[in-house]
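Before any comments, here is the structure.
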Amino acid sequence: MTPVDCLLLDAKQAILDEQHRRFQELQRAGKVAEAMRQFQATMSCASDLLSESLALLERVLEKQRRNPPGPSAR
């Protein structure tokens, strides 16, 4: 995993956290219609983060398959 990968995941997590915070505020304020629209945005961010995480895991696994650790790594 590269520093860029970490940075990207951290940024997507921060965006998700902010979207979730907004949803909770709208929900507490009783703004149901706005909260539901915000919920959709929050779920979209969560989906994006999960997709990016899965893609990263797949890249790491593929790299490990191509370059298995040597006997000294065990």
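We find the NE2-CE distance between His20 and Met43 to be 8.0 Å, quoted to the nearest 0.5 Å. The distance from atom CG of Asp5 to atom CD of Glu52, rounded to the nearest 0.5 Å, is 7.5 Å. To the nearest 0.5 angstrom, Leu54 atom CG is 11.0 Å from Leu49 atom CG. Rounded to the nearest 0.5 Å, atoms CG (Leu57) and OG (Ser53) are 7.0 Å apart. Expressed to the nearest 0.5 Å, how far CD of Glu58 lies from CG of Leu56 amounts to 9.5 Å.
Judged purely by atom type and a 3.5 angstrom limit, Gln19 has no side-chain atom pairing as donor or acceptor with the backbone of Gln38.
The cluster map of Ile, Leu, Val, Met, Phe, Trp and Tyr, joined by side-chain heavy atoms under 4.5 Å apart, puts Ile15 and Leu50 in different clusters.
For the residue pair Asp48/Ser51, the side-chain donor-acceptor check at 3.5 Å is not satisfied.
A heavy-atom distance below 4.5 Å is not found between the side chains of Phe23 and Arg37. Leu16 has its side chain within reach of Gln13: a pair of non-hydrogen atoms, C-beta onward, lies under 4.5 Å apart.
Taking all atoms of both residues into account, the shortest heavy-atom contact from Met1 to Cys6 is CE-SG, 3.0 Å.
Electrostatic pairing of Arg59 and Glu62 does not count as a salt bridge here, judged by no charged N lying under 4.0 Å from a carboxylate O. Between Arg21 and Glu18 there is a salt bridge, since at least one side-chain N of the basic residue sits less than 4.0 Å from a carboxylate O of the acidic one.
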